[in-house]
Structure formats: structure tokens, C-alpha cells
Amino acid sequence: MAVTILAIESSCDDTSAAVVRDGHILSNLIAGQDIHMSYGGVVPELASRAHQANIVPVVDQALRRAGTDVEEIDAVAFTRGPGLLGSLLVGTSFAKGFALAGDIPLIDVNHLQAHALVHFIPEKDGMTRLPEFPFLCLIVSGGHTRLIVMKNHLDMETIGNTIDDAAGEAFDKCGKLMDLPYPAGPLIDKLASRGNSKAFSFAKPKVKDLDFSFSGLKTSFLYFLNDKLKDDPRFIEKNRADLCASLQETIVSMLISKLIKASQLTGIKEIGIAGGVSANSGLRNGLALEAEKRGWNLFIPPLSYTTDNAAMIGIAAYYKYLRGEFTGQDVAPQARY
Ligand code: KG4
Ligand code: ZN
């Protein structure tokens with residue numbers, strides 16, 4: 001019998017709901033929150049209020065687009081963490097209520113595991129190329145920069161992590177210094193395509209093993225800009241594309257060099273990227289070249305699955321359902337999970 005799951009994602013500033021049947025995505029709705037743009041970053045209190053306003057309409061639309069009745073849902077899944085606690089509470093509470101009302105199982109999902117599992121979502125044409133295990137994945141977003149090894153769908157080990165900021169944070173914070181609105185990552189990517197990536201160079205910190213560090217880059221970028229602005233107050237305006245291209249090149253090369261090191265240390269050549277920053281064209285193109293050179297079997301997610309979405313929560317929940325891994329009404333979200 002088919003298994004139909006309603007999945008909810010509310011860990012940061014996107015309210016998302018998806019209906020997943022036997023691992024196939026029937027619908028995946030995402031409501032973003034423009035309110036954070038003028039603040040230069042996500043304001044947690046405003047994010048949870050917006051989730052509260054969005055959650056019912058988003059779930060309603062997801063069910064309608066999937067052509068599914070509430071009675072057909074076999075389980076409801078939600079992001080338990082990591083994320084902003086106030087945001088997680090909205091999705092968790094909604095899912096608990098939905099499970100109780102329908103007398104159906106509740107499934108808690110780890111947001112990071114879900115990001116990596118986008119590579120296991122089958123395409124509609126049935127021609128999906130799936131990674132084999134062990135699978136090495138770089139999860140790179142506004143909140144995380146992590147290298148993980150997946151031994152199966154639900155067993156993941158972290159082998160590298162950021163010791164300070166995430167890569168997406170570096171894009172966003174440096175973008176703010178160039179007067180770009182939040183989130184600056186996609187804009188930097190766009191501007192970089194018109195710039196010279198060799199125009200400026202920024203120091204790359206040396207971090208041990210497979211860990212990352214991005215806070216030093218933000219500081220050196222700030223000092224560099226202040227220095228240049230003393231001589232020419234219009235320096236940023238005049239050099240925006242070159243600044244973006246050089247900054248992107250620096251961040252991307254830091255990410256790629258650790259991924260190469262991780263592949264060499266583990267011997268794994270099944271390699272993927274996931275998370276918001278995996279939308280970056282510099283990272284996608286750079287990795288495609290490395291994959292060809294190094295014989296990697298590379299997995300790059302479709303753009304629609306790079307940022308936070310409930311489809312990834314649904315696919316993770318499907319594998320948990322198959323294993324009978326459910327949770328109880330006493331479950332609580334965890335900001336650090
Ligand atoms: O996964 P995500 O939607 O949310 C988190 O879990 O953080 O990632 C959002 C992050 C932001 O920092 C945003 O600037 C970055 O992903 N981002 C990009 C691009 N698209 C999104 N960074 C660089 N280039 C992009 N094209
Ligand atoms: Zn995320």
C-alpha cells in the first residue's frame with residue numbers, strides 16, 4: 001500500500017509543506033519571508049511570527065496541489081532541528097496537532113540529514129541517478145558548513161565542520177559590507193558573473209583537518225574595503241562586480257579544497273553538495289571540473305532543492321517510516337540537534 005506523508009519545514013525563515021508518496025514529491029510549497037531583508041539578516045522573533053501566519057495556508061496549498069485529502073495522510077513529519085527555536089516550535093506544534101487530530105504517526109527529522117537526502121529524491125521521469133553509499137556530502141548554507149559521510153539513508157557522520165561562521169554567512173555578511181540586501185549570496189553570484197575573480201585577493205585561513213573558518217575572511221574583507229574607501233569613497237560602487245567575483249572565488253576555493261581533502265582521506269568518490277550555497281554557480285562549475293579530473297561521481301541538486309524546503313523533510317521521513325522510526329507527542333524541537 002502507498003505511503004503518503006505530509007512534511008513541514010520551519011527551521012529558519014522559510015515556511016514549507018510538501019506531500020510525498022512512496023518517496024515521490026507530489027507537492028512542495030515554500031513561503032519565504034521578505035520582512036528580514038531590511039534588517040540585513042533573519043530576525044528570529046519576526047521569523048516565528050511569520051511561520052505562525054503562513055503555516056496553515058501553506059499546508060492547505062500543499063494538500064490541494066498534491067490532490068490529497070487529509071484522510072489520505074499516513075504520517076506527518078517536521079523538522080526537529082537544528083534551527084531557530086521559535087521557528088522550529090511553530091512547525092513542531094502544528095505537526096503534533098495534525099498527528100493528534102488524524103490519529104497518525106509523527107516523524108521528527110534532522111534538518112541537515114534532510115539537506116543531504118535531496119539526492120535521493122527520484123525525478124518525475126524515473127531516470128534518476130542515485131548516489132551509492134558511502135556518500136560524501138558538503139552541506140553548505142546560511143547556518144551550516146559541514147562535511148558528512150552517509151553510510152545509509154539515515155546514518156550520517158560529521159567529518160568536518162565550521163569553527164565559526166558558515167559559508168552562507170560569509171556571503172551575506174560581506175554582501176552587507178558592500179550594501180547588498182539580505183540574503184546577499186544569490187546577488188553576489190549574479191554580480192560575480194560580470195567580474196574578474198583575480199582582481200583582488202583575500203587571505204584564506206589555515207584550519208586543521210577538515211574543518212572550516214569564515215569569520216577571518218569577513219574581517220579581512222572589511223579592513224580591505226575601509227582601506228580602499230579612504231582613497232576613493234566610490235570604490236565599492238566602481239568595483240562591485242570584481243569584488244563579488246574575487247570574494248566568491250575565495251569562498252568557493254576554500255570549500256572545494258576541503259572537499260578534495262575529504263575525498264582523499266576517506267577514499268570516497270560518490271560526492272554531493274546540498275544547502276542554500278550549493279546554488280552558487282562558482283561552486284557548481286568548480287566542482288564539475290574537479291569531478292572530471294578526479295573521477296568523482298558528482299551530485300549537484302536542482303536549484304529548487306538547494307534552499308530550505310519540505311520535500312527534503314518528506315524524503316527523510318519516508319525512510320524513517322520504512323524503518324518504523326516514529327516519535328511521541330512529548331517530543332520537543334532542538335536548536336542544536
Ligand atoms: O539552506 P538555506 O536556504 O538556509 C539555511 O539553512 O541557512 O541557505 C541560505 C543561504 C544564505 O546564506 C544565502 O545567501 C545562500 O544560502 N545562498 C547563496 C546562493 N543562493 C543562496 N550563496 C551563494 N550563492 C548563491 N547562488
Ligand atoms: Zn537549511
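Keep in mind that what you see is a predicted model, and the values were worked out from it rather than measured. One-based numbering, in listed order, for ligands and for the atoms of each.
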If we only consider heavy atoms of Lys190, is any one of them less than 4.0 Å away from an atom in ligand 1?
no
Could you check atom 22 (N) of ligand 1 against the protein and tell me its nearest heavy-atom contact, residue, atom and distance included?
Gly185 CA, 3.4 Å
If only side-chain N and O atoms count, and only distance matters, is there a donor-acceptor pair under 3.5 Å linking Asn309 with Ser16?
no
Checking only N/O/S atoms, does His111 have one that is under 2.8 Å from the Zn ion (ligand 2)?
yes
The protein heavy atom nearest to atom 9 (C) of ligand 1 is Gly142 N, 3.8 Å
For atom 4 (O) of ligand 1, which protein heavy atom lies nearest, and how many Å away is it?
Asp308 OD2, 3.2 Å
Looking only at N, O or S atoms, find the one in Asp308 nearest to the Zn ion (ligand 2) and name it.
OD1
Write out the residue and atom name of the closest protein heavy atom to atom 15 (C) of ligand 1, then the distance separating them to 0.1 Å.
Val277 CG2, 3.9 Å
Give the contacting part of His144 toward ligand 1: side chain, backbone, both or neither, where contact means a heavy-atom distance below 4.0 Å.
neither
For Arg294, is the CZ atom crowded, meaning more than 12 foreign heavy atoms sit under 6.0 Å from it?
yes
Within less than 2.8 Å of the Zn ion (ligand 2), any N, O or S from His144?
no
Heavy atoms only, cut-off 4.0 Å: how does Asp172 contact ligand 1, side chain, backbone, both, or neither?
side chain
Close side-chain approach of Val76 and Phe94, heavy atoms under 4.5 Å
no
State the atoms of ligand 1, each with its element, that fall below the 4.0 Å cut-off from a heavy-atom position in Ser141.
1 (O), 5 (C), 6 (O), 7 (O), 8 (O)
State the atoms of ligand 1, each with its element, that fall below the 4.0 Å cut-off from a heavy-atom position in Gly143.
7 (O)
Answer with yes or no whether the side chains of Asp164 and Ser213 bring together a donor and an acceptor at under 3.5 Å.
yes
Under-4.0 Å heavy-atom contact with ligand 1, by part of Asp189 that carries it
side chain
Compare every heavy atom of Pro122 with every heavy atom of Gly23, then report the nearest pair and how far apart it is.
O-CD, 3.1 Å
Under a 4.5 Å cut-off applied to non-hydrogen side-chain atoms, are Tyr305 and Ile25 in contact?
yes
Ionic contact status for Lys228 with Asp231, cut-off 4.0 Å:
no
Which one of Tyr318, Tyr321, Phe135, Phe120 satisfies the ring pair (Phe, Tyr, Trp, His ring centres under 6.0 Å) criterion with His153?
Phe120
Ala279: numbered ligand 1 atoms lying under 4.0 Å from its heavy atoms
20 (N), 26 (N)
With atoms numbered from 1 as shown, which atoms in ligand 1 lie under 4.0 angstrom from a non-hydrogen atom of Thr307?
3 (O)
Which of the atoms of ligand 1 are close to Gly168, meaning less than 4.0 Å from one of its heavy atoms?
12 (O)
Protein heavy-atom partner closest to atom 24 (N) of ligand 1 - residue, atom, separation in Å
Asn280 ND2, 3.0 Å
Tightest non-hydrogen contact, residues Val277 and Ala167, listed as CG2-C, 4.4 Å
Looking only at heavy atoms of Cys12, does any of them come nearer than 4.0 Å to an atom of ligand 1?
no
What protein heavy atom sits nearest atom 21 (C) of ligand 1, and how far away is it?
Gly276 O, 3.3 Å
May I ask you to decide if the ring planes of Phe202 and Phe200 are parallel, tilted or perpendicular, using 30° and 60° as cut-offs?
tilted
Evaluate the criterion side chain to side chain donor-acceptor pair (under 3.5 Å) for residue pair Asn161 and His144; output intermediate values, then yes/no.
CA-CA 8 Å; Asn161 207 345; His144 309 279; over 6 Å; no
Taking only heavy atoms of His115 into account, list the atoms of ligand 1 that are under 4.0 Å away from them.
1 (O)
Applying side chain to side chain contact (heavy atoms under 4.5 Å, CB included) to Thr68 and Arg21, what does each step give before you reach the verdict?
CA-CA 10 Å; Thr68 311; Arg21 181 166 294 151; 4.0 Å; yes
